[in-house]
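Heads up, the thing below is written out as structure tokens.
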Amino acid sequence: FYLQEVYGTKAGWEYIWDYEVSYIEPVDSVWNEELVDYETVIGYDTIPTEDPYQGTFHAVSNNGIAVGEFGSSYTEKVPAYAKMGDKEITYLYLDENEMQGSAFAVNADGSLILGFAGAGLDMTPYLWKNGGLKKEDRVALPAPTATEFGGEIDYAAARWMSDDASVILGYAEDAVNGFWVMIYWTKNSDGSYTVHGDYAKKYYTPYVWVETGEVDE
């Protein structure tokens with residue numbers, strides 16, 4: 001539902017415009033005893049509207065767990081999954097300041113889900129474990145530093161993983177040109193992850209155009 005203002009009426013001249021003739025002056029006017037008075041609000045109408053919830057699936061496990069994003073058409077979408085045939089959507093854990101995100105990969109039995117969450121460009125890649133419903137079931141993946149990547153980045157994104165999530169693939173968006181450049185993560189013995197930007201650092205060089213028209217790398 002949403003509210004729409006209901007305006008009062010007043011008597012006055014209603015101007016008639018013909019923009020093929022003039023954008024400055026009306027072509028005619030008529031006296032209207034019930035001209036809408038936008039300065040007087042007399043109430044509100046409640047107008048019912050359907051909210052067409054939207055979502056997208058990006059990957060599916062061997063046992064039919066599909067992962068992606070879902071949410072109201074009036075808000076950002078958030079990471080979610082569904083068991084095929086159950087007709088229920090389950091949202092993955094988010095912190096209270098995280099307003100959007102998605103899930104892009106899932107392992108064979110559906111126990112590990114890979115994606116991201118955040119707000120605006122402040123995005124963090126995550127691995128959700130054990131159904132992903134609790135904070136302790138989520139592992140944050142670190143973004144590469146400027147030294148590790150070879151330059152400043154806007155954010156890092158994870159998209160693909162091995163079945164045991166020991167290796168995760170993704171990219172970082174270069175802050176200079178906005179290009180997506182390859183990075184990857186490897187799992188440590190304590191369950192945390194180390195990010196690797198060595199391919200980006202070796203093969204990718206951001207560039208900017210200076211006033212002379214030359215490329216400044």
Side-chain angles (χ1 to χ4, degrees), residues 51-59 66-82 89-107 111-162 165-188 190-201 203-209:
D51 184 355
Y53 269 59
Q54 302 170 36
T56 303
F57 291 133
H58 297 294
V67 301
E69 71 272 351
F70 188 71
S72 166
S73 60
Y74 304 118
T75 62
E76 300 290 350
K77 309 302 175 286
V78 295
Y81 66 89
I89 296 290
T90 300
Y91 294 105
L92 294 168
Y93 173 81
L94 297 182
D95 286 338
E96 60 181 12
N97 61 329
E98 294 172 334
M99 308 300 294
Q100 64 191 96
S102 185
F104 279 88
V106 59
N107 69 342
S111 61
L112 299 172
I113 299 174
L114 182 69
F116 73 93
L121 286 179
D122 185 17
M123 295 293 175
T124 300
Y126 288 110
L127 180 70
W128 287 270
K129 306 181 296 181
N130 306 319
L133 302 182
K134 301 177 181 179
K135 185 174 184 177
E136 56 266 30
D137 292 330
R138 191 176 72 166
V139 178
L141 304 179
T145 65
T147 300
E148 293 167 336
F149 183 77
E152 297 293 335
I153 68 169
D154 288 327
Y155 63 86
R159 290 292 185 268
W160 308 273
M161 64 181 177
S162 60
S166 59
V167 178
I168 294 174
L169 307 180
Y171 60 85
E173 182 178 282
D174 159 44
V176 178
N177 304 117
F179 295 150
W180 293 357
V181 188
M182 63 184 71
I183 60 174
Y184 68 98
W185 293 264
T186 53
K187 187 177 182 180
N188 302 312
D190 63 356
S192 64
Y193 282 83
T194 298
V195 65
H196 303 272
D198 39 314
Y199 289 113
K201 189 172 184 178
Y203 292 106
Y204 175 70
T205 301
Y207 61 86
V208 294
W209 292 96

Yes or no on side chain to side chain contact (heavy atoms under 4.5 Å, CB included) for L133 and T90, after CA distance, side-chain angles and deciding distance? CA-CA 9 Å; L133 302 182; T90 300; 3.5 Å; yes

Return the set of residues passing side chain to side chain contact (heavy atoms under 4.5 Å, CB included) with [X] (not counting sequence neighbours), or none when no residue passes.
{"X": "E98", "value": "L94, D95, A117, Y126, R138"}
{"X": "A165", "value": "L112, L127, M161, Y193"}
{"X": "V195", "value": "P142, P144, E148, I183, W185"}
{"X": "W180", "value": "Y155, Y171, E173"}

Of all residues at least two apart in sequence or in a different chain, which pass the salt bridge (charged side-chain N to carboxylate O under 4.0 Å, His left out) check with D51?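 None.
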
Residues in side-chain hydrogen bond (donor to acceptor under 3.5 Å, both in side chains) with [X], at least two apart?
{"X": "S162", "result": "D164, S166"}
{"X": "T56", "result": "E69"}
{"X": "T124", "result": "none"}
{"X": "D174", "result": "Y204"}

Apply side chain to side chain contact (heavy atoms under 4.5 Å, CB included) to L141 and L114, showing your working. CA-CA 10 Å; L141 304 179; L114 182 69; 4.0 Å; yes

Sequence neighbours left out, what passes ring pair (Phe, Tyr, Trp, His ring centres under 6.0 Å) with Y53? Give chain and number order.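 Y53 satisfies ring pair (Phe, Tyr, Trp, His ring centres under 6.0 Å) with F70 only.
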
List in chain and number order the residues that pass ring pair (Phe, Tyr, Trp, His ring centres under 6.0 Å) with Y93, two or more places apart in sequence or in another chain; answer none if no residue qualifies.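 Counting only residues at least two positions away or on another chain, Y93 forms no ring pair (Phe, Tyr, Trp, His ring centres under 6.0 Å).
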
Using side chain to side chain contact (heavy atoms under 4.5 Å, CB included), reason through F116 and R159 one step at a time and then give a plain yes or no. CA-CA 9 Å; F116 73 93; R159 290 292 185 268; 4.0 Å; yes

